Enquirer: 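What follows is a single structure, and I will ask about it in a moment.
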Amino acid sequence: MIARLPLAGLPLRFLVLVGAALAAGLFYLLLSPLIDGAADVALKGSGVALLALAALQLPVRGAGRLALVMALGAAGDVLLELPGLFLAGGASFAAGHLVAILFYAQHRRQTVAVDRIIAALLILYGLAMPPLLTPAGLPVGFTMIYAVLLCGMAASLWISRFPRLAALGGLLFVLSDTVLVLRMGGGHLLGPALDGALVWISYFGGQWLIALGVARGLLARAAHPD
């Protein structure tokens with residue numbers, strides 16, 4: 001089964017780069033309050049960029065698509081931090097979600113009713129989130145498109161052949177953006193400081209789990225094609 005592929009089966013270069021990505025994500029969490037400017041932007045974008053590079057080390061079909069998904073996420077990380085480019089950053093993430101949906105749909109598995117219900121609930125949440133959480137001044141239409149693509153990405157992972165590890169990553173990504181939009185509207189879940197940390201931990205943790213889970217799934221599919 002795909003979900004049981006051992007971690008040892010992953011290429012060493014991939015493991016080194018995902019390890020470096022994890023370190024970069026942790027460094028950003030710890031150092032972001034202490035740095036600013038170009039250093040802060042570069043450190044923020046480096047973690048997911050390293051995941052994109054890691055994906056390129058996979059000697060299997062689909063590695064390039066995974067790398068593109070991660071590269072668009074890294075671009076979004078950087079653009080969100082640059083003045084006047086917030087919507088461009090959101091568009092980069094939206095493009096990444098669209099690429100991911102099309103990619104994961106190619107690896108759809110036979111599902112049971114509960115899986116289809118969960119996937120449908122995720123899409124419904126994408127439709128409901130913008131009216132509930134969109135802050136004043138941000139176009140609801142843009143947020144609606146983004147939220148549906150975000151939740152569509154998570155739903156596509158849930159009903160895919162990829163390990164549940166990847167699906168968990170998709171759910172963490174949804175959690176991250178939910179808390180982010182809530183904060184933008186002046187609300188909070190745990191408190192200002194803790195919510196900020198939660199956004200990054202759930203976002204980066206989600207991306208990291210997606211990269212690892214999809215990589216494991218691609219290698220397993222290559223080793224045991226249907």
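Since we're looking at a predicted model, the values are computed, not measured.
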Enquirer: Cluster question for you: counting only ILVMFWY and a side-chain heavy-atom cut-off of under 4.5 Å, with indirect links fine, are Ile201 and Leu182 together?
Expert: yes
Enquirer: Look at the side-chain heavy atoms of Ile, Leu, Val, Met, Phe, Trp and Tyr, link any pair under 4.5 Å apart, and say whether Phe27 and Leu22 land in one connected group.
Expert: yes
Enquirer: Would you check if Val174 and Ser202 make a side-chain contact, meaning some heavy-atom pair closer than 4.5 Å?
Expert: no
Enquirer: Are Arg161 and Asp115 within salt-bridge range, i.e. N to O under 4.0 Å?
Expert: no
Enquirer: Over all heavy atoms of both residues, which pair between Leu172 and Gly206 is shortest? Give the atoms and the distance, please.
Expert: CB-CA, 3.9 Å
Enquirer: Tell me whether Leu122 is reachable from Leu102 by hopping between hydrophobic residues (I, L, V, M, F, W, Y) whose side-chain heavy atoms are closer than 4.5 Å.
Expert: no
Enquirer: Using the rule that Ile, Leu, Val, Met, Phe, Trp and Tyr join whenever any side-chain heavy atoms are under 4.5 Å apart, tell me whether Phe93 and Leu50 fall into a single cluster.
Expert: no
Enquirer: Side chains of Leu171 and Trp158, heavy atoms from C-beta outward: is any pair under 4.5 Å?
Expert: yes
Enquirer: Using the six-membered ring wherever Trp is involved, compare the ring planes of Phe173 and His97 and label them parallel, tilted or perpendicular (cut-offs 30° and 60°).
Expert: perpendicular
Enquirer: Please report the shortest heavy-atom distance between Val99 and Arg65, naming the atom on each side.
Expert: O-NH2, 4.0 Å
Enquirer: Just so I know, are the side chains of Thr178 and Tyr125 near enough to count as touching, which here means a heavy-atom distance under 4.5 Å?
Expert: yes
Enquirer: What's the separation between atom CG in Asp77 and atom CH2 in Trp200, rounded to the nearest 0.5 Å?
Expert: 5.0 Å
Enquirer: Looking at Leu157, is its backbone amide N or carbonyl O close enough to the side chain of Ser160 to form a donor-acceptor pair, meaning the two atoms are under 3.5 Å apart?
Expert: yes
Enquirer: If I compare all heavy atoms of Ser92 with all of Gly76, which pair ends up nearest, and what's the gap?
Expert: OG-N, 3.5 Å
Enquirer: For residues Leu56 and Leu17, determine if any side-chain heavy atom of one lies less than 4.5 Å from a side-chain heavy atom of the other.
Expert: no
Enquirer: Could you give the distance from OH (Tyr104) to CD1 (Ile210), rounded to the nearest 0.5 Å?
Expert: 5.0 Å
Enquirer: Which value, rounded to the nearest 0.5 Å, describes the distance between Leu80 atom CG and Leu87 atom CG?
Expert: 9.5 Å
Enquirer: Please give me the minimum heavy-atom distance between Ser156 and Ile101, naming the atom from each residue.
Expert: OG-CG2, 3.7 Å
Enquirer: Which atoms form the tightest heavy-atom contact between Gly73 and Val48, and what is the distance?
Expert: C-CG1, 4.2 Å
Enquirer: Evaluate the side chain to side chain contact (heavy atoms under 4.5 Å, CB included) criterion for residues Tyr146 and Asp177: first the C-alpha distance (whole Å), next the side-chain angles of each, then the deciding distance (0.1 Å), finally the verdict.
Expert: CA-CA 10 Å; Tyr146 177 82; Asp177 280 357; 2.4 Å; yes
Enquirer: Can you confirm whether Leu127 sits close enough to Met144 that some side-chain heavy atom of one is under 4.5 Å from a side-chain heavy atom of the other?
Expert: yes
Enquirer: Looking at Ala88 and Leu79, what are the two nearest heavy atoms and their distance?
Expert: O-CD1, 3.8 Å
Enquirer: Could you measure the distance from the CZ atom of Phe162 to the CZ atom of Phe103? Nearest 0.5 Å is fine.
Expert: 4.5 Å
Enquirer: Determine whether Ser32 and Leu43 make a side-chain contact, defined as any pair of heavy atoms from C-beta on separated by less than 4.5 Å.
Expert: no
Enquirer: Please report the interatomic distance CD(Gln106) to CZ(Arg61), rounded to the nearest 0.5 Å.
Expert: 7.0 Å
Enquirer: Is Leu26 linked to Met70 within one hydrophobic cluster, defined over Ile, Leu, Val, Met, Phe, Trp and Tyr using a side-chain heavy-atom separation of less than 4.5 Å?
Expert: yes
Enquirer: To the nearest 0.5 Å, tell me how far Ile123 CD1 sits from Leu150 CG.
Expert: 9.5 Å
Enquirer: Decide yes or no on side chain to side chain contact (heavy atoms under 4.5 Å, CB included) for Val179 and Tyr203, but give the supporting numbers first.
Expert: CA-CA 10 Å; Val179 178; Tyr203 161 71; over 6 Å; no
